[in-house]
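Just so it is clear, the values below take in all heavy atoms, side chains as well, and ignore hydrogens, waters and symmetry mates. This is a predicted model, so every value here is computed, not measured.
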Amino acid sequence: MGFSFTENIGQGLILANFVLIINSDWGRALWQEHVLQRFSTAQIQTWGTYAVGFGITWIMYFIFFVIDMSQKPAAITDTKVQPAVPVTYAMYQKALPRVLFNSVILNACLAYAGSFSPLQLKVSVDEFPSTAIFLRDVAGCGLITEFGFYGAHYLFHHPSIYKHFHKIHHEFTAPMAIASTYAHPLEHVVANVLPIAVGPFILRSHILVAFCFTIMVPATLIFSIHHPLPTKLIEDTQGIINTACVHSGYLVPGFEPSLAHDYHHMKFNFCYGTSLGICDWMFGTTPTDAELESQYHARMAKVSKKVE
């Protein structure tokens with residue numbers, strides 16, 4: 001997966017902003033005055049990432065709700081990967097109750113449970129990481145998420161398990177942003193949350209690393225510069241903004257393309273991993289570009305006939 005500036009500019013901007021915060025006097029002052037002086041260390045460690053994740057998640061869901069319902073702007077809606085499967089209000093009504101439960105109640109329970117972990121994130125200004133350590137931790141979290149998510153996702157596709165858990169997520173054969181967390185509660189914990197959440201704890205990172213990783217997960221950007229893989233379209237769930245964009249069903253300018261994730265929802269047995277694509281490459285679950293295109297066109301022809 002070679003580096004593409006235009007496909008990763010959104011991730012790069014998020015990464016650059018966090019690097020600017022940890023290296024600037026105003027960033028340190030902002031953290032000290034508006035975070036550390038208002039909240040206890042325990043509150044920041046327990047509810048900080050939950051609050052940031054919750055806020056960004058629902059902002060992204062609302063943005064794509066407006067796009068889906070209004071079919072504007074054309075710069076995005078014209079890039080829909082499966083144009084013959086329009087997103088409807090009824091689809092949102094179906095997804096909302098389960099997504100709300102996972103996002104509000106289940107994630108809050110997980111955040112509280114995390115407060116009992118012997119491994120806690122750093123929060124003080126004095127513990128702000130250097131740029132090198134920040135990038136190292138984000139990349140390390142990316143690797144942990146890649147192997148954790150691939151393993152969990154592959155497990156939930158096992159025939160004896162799939163029909164009880166992961167089949168719920170695949171009820172949406174044409175992905176949309178809010179359906180990214182439309183999943184059985186057990187799958188949400190094991191596959192959606194834990195692979196992303198455990199990395200910063202294992203690496204004993206600063207909570208700003210966790211914020212950046214949870215919001216954007218720009219490890220793809222870091223690795224793709226130095227470690228090109230033999231594919232260019234391996235995208236899946238990794239970080240909130242990236243998750244929403246990849247799962248939106250649109251080719252959102254400035255973010256990674258969603259074709260491979262749509263392909264996973266079409267075929268089910270390819271593209272199990274995250275945006276890094278390492279595990280899909282290692283274990284032979286990476287489709288070729290020709291396979292992606294042929295399956296996409298075959299899917300479009302089949303769906304178009306149903307619509308007619």
Side-chain angles (χ1 to χ4, degrees), residues 50 53-54 57-58 61 81-82 85 87-88 90-114 144-199 214 234-240 242-244 246-249 258 260-280 282-287 295 299 302-303 306:
Y50 170 79
F54 180 86
T57 294
W58 287 97
Y61 288 169
V81 178
Q82 298 188 46
V85 188
V87 176
T88 64
M91 294 168 71
Y92 272 92
Q93 288 180 308
K94 175 182 178 179
L96 190 59
R98 185 179 293 276
V99 172
L100 276 172
F101 175 81
N102 288 342
S103 177
V104 179
I105 299 175
L106 198 53
N107 284 2
C109 292
L110 291 172
Y112 180 71
I144 292 170
T145 300
E146 164 71 5
F147 283 90
F149 181 78
Y150 184 96
H153 195 183
Y154 190 89
L155 175 65
F156 278 109
H157 270 269
H158 190 278
S160 63
I161 298 176
Y162 175 82
K163 62 183 179 180
H164 301 294
F165 300 101
H166 195 52
K167 186 177 181 180
I168 294 172
H169 180 69
H170 278 277
E171 289 174 5
F172 291 91
T173 56
M176 60 182 192
I178 196 172
S180 60
T181 51
Y182 181 83
H184 187 282
L186 180 62
E187 181 191 352
H188 181 69
V189 173
V190 175
N192 291 347
V193 177
L194 290 183
I196 292 177
V198 298
T214 301
I234 302 302
E235 319 299 341
D236 214 302
T237 305
Q238 195 183 56
I240 293 170
N242 197 39
T243 296
V246 168
H247 215 283
S248 68
S258 61
H261 189 75
D262 275 66
Y263 183 82
H264 173 75
H265 276 254
M266 295 177 196
K267 293 288 288 182
F268 296 176
N269 56 350
F270 285 93
C271 305
Y272 294 107
T274 71
S275 308
L276 293 179
I278 294 175
C279 288
D280 280 306
M282 288 175 59
F283 299 112
T285 51
T286 298
Q295 289 297 328
R299 168 71 174 178
K302 182 178 180 180
V303 174
K306 288 184 179 180

**Message:** Take a 6.0 Å sphere around OH of Y92 and say whether it holds more than 12 heavy atoms from other residues, nucleotides or ligands.
**Reply:**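 Correct, the count exceeds 12.
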**Message:** Taking NZ in K94 as the centre, count heavy atoms belonging to other residues, nucleotides or ligands within less than 6.0 Å. Is the count above 12?
**Reply:**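 More than 12 heavy atoms, drawn from other residues, nucleotides or ligands, come within 6.0 Å of this atom.
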**Asked** Hey, does the side chain of E146 reach the backbone of C279 with a donor-acceptor pair shorter than 3.5 angstrom?
**Response**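 Such a contact is found between E146 side chain and C279 backbone.
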**Request:** Please test H188 against N107 for side chain to side chain contact (heavy atoms under 4.5 Å, CB included), starting from the C-alpha separation and ending with a verdict.
**Result:** CA-CA 9 Å; H188 181 69; N107 284 2; 2.8 Å; yes
**Asked** Is there a donor in the side chain of H170 and an acceptor in the side chain of H166, or the other way round, less than 3.5 Å apart?
**Response**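 Checked: H170/H166 side chains pair up, N/O donor to acceptor below 3.5 Å.
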**Asked** Can T285 and Y154 be counted as having a side-chain donor-acceptor contact under 3.5 angstrom?
**Response**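 Side chains of T285 and Y154: no pair found under 3.5 Å.
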**Item:** Contact check, side chains of F147 and M282, non-hydrogen atoms, under 4.5 Å
**Value:**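 Yes, at least one pair of side-chain atoms sits under 4.5 Å.
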Aromatic ring proximity [X]/[Y], centre distance under 6.0 Å:
X	Y	answer
F172	Y182	yes
H169	H157	no
F283	Y272	no

**Message:** So which atom in T145 and which in I196 form the shortest heavy-atom distance, rounded to 0.1 Å?
**Reply:**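 Between these two residues, the closest heavy atoms are OG1-CA, 3.7 Å.
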**Request:** Evaluate the criterion side chain to side chain contact (heavy atoms under 4.5 Å, CB included) for residue pair T88 and Q93; output intermediate values, then yes/no.
**Result:** CA-CA 9 Å; T88 64; Q93 288 180 308; over 6 Å; no
**Prompt:** How far apart are the C-alpha atoms of F101 and T181, what are their side-chain angles, what is the distance that settles it, and do they pass the side chain to side chain contact (heavy atoms under 4.5 Å, CB included) test?
**Reply:** CA-CA 10 Å; F101 175 81; T181 51; over 6 Å; no
**Message:** Pair W58, S103 - check side chain to side chain contact (heavy atoms under 4.5 Å, CB included), show working.
**Reply:** CA-CA 9 Å; W58 287 97; S103 177; 2.9 Å; yes
